[in-house]
Amino acid sequence: ELEDVHGTLPPLRTAAGLSRWRVTAGEDGCGVGSWEEADEERRLHWRLQPSLFAPTAAEAEAFALHRCARLLPHSQDTGGFFV
């Protein structure tokens with residue numbers, strides 16, 4: 001089980017973990033929201049895998065992704081990290 005780490009990283013500024021995201025799969029930076037949304041040509045060209053996409057809402061809740069923390073490089077002049 002994931003533990004909430006937001007209070008354990010002061011003074012770092014953190015953002016909550018994501019439970020939904022789009023996978024970039026186009027020269028223009030367009031994103032694909034799910035494996036089913038990507039056509040076969042896009043899957044092959046961009047080497048997409050089902051594991052790249054966000055989990056279902058039920059899986060995200062079970063994984064407790066909201067307890068994760070993202071350290072964004074522009075927030076405090078650091079590299080970007082996912083904890």
Which heavy atom in Leu71 sits nearest to a heavy atom in Leu12, and how many Å separate them?
CD2-CD1, 3.4 Å
Smallest separation among heavy atoms of Leu48 and Ala38, with atom names
CD1-CB, 3.8 Å
Return the NE2 to CD distance between His66 and Glu61, rounded to the nearest 0.5 Å.
6.5 Å
Going only through I, L, V, M, F, W and Y residues with side-chain contacts under 4.5 Å, is there a path from Trp35 to Val23?
yes
Judged by atom type as modelled, is there a donor-acceptor pair below 3.5 Å linking the side chain of Arg67 to the main-chain atoms of Ala16?
no
Does Asp77 CG have over 12 foreign heavy atoms under 6.0 Å away?
no
Verify side chain to side chain contact (heavy atoms under 4.5 Å, CB included) between Val32 and Phe53, making sure each step is shown before the conclusion.
CA-CA 9 Å; Val32 179; Phe53 296 92; 3.9 Å; yes
Are any of the side-chain nitrogens in Arg42 or Glu37 under 4.0 Å away from the carboxylate oxygens of its partner?
no
Do Trp21 and Trp46 sit in one hydrophobic cluster, given that two such residues count as connected whenever their side-chain heavy atoms are within less than 4.5 Å of each other, even indirectly?
yes
To the nearest 0.5 Å, atom CZ of Arg22 lies from atom OG of Ser34 at 8.5 Å
Where is the tightest heavy-atom contact between Glu36 and Arg43, given as atom of each residue plus distance?
CA-NH2, 3.8 Å
State the CG-CG distance between Leu65 and Leu2, to the nearest 0.5 angstrom.
7.0 Å
Where is the tightest heavy-atom contact between Ala54 and Ser19, given as atom of each residue plus distance?
CB-O, 3.6 Å
Check the hydrophobic clustering (I, L, V, M, F, W, Y; side-chain heavy atoms under 4.5 Å; chains of links allowed) and say if Leu52 and Leu18 are grouped together.
yes
How far apart are the closest heavy atoms of Phe82 and Arg70, and which atoms are they?
CD1-CG, 3.8 Å
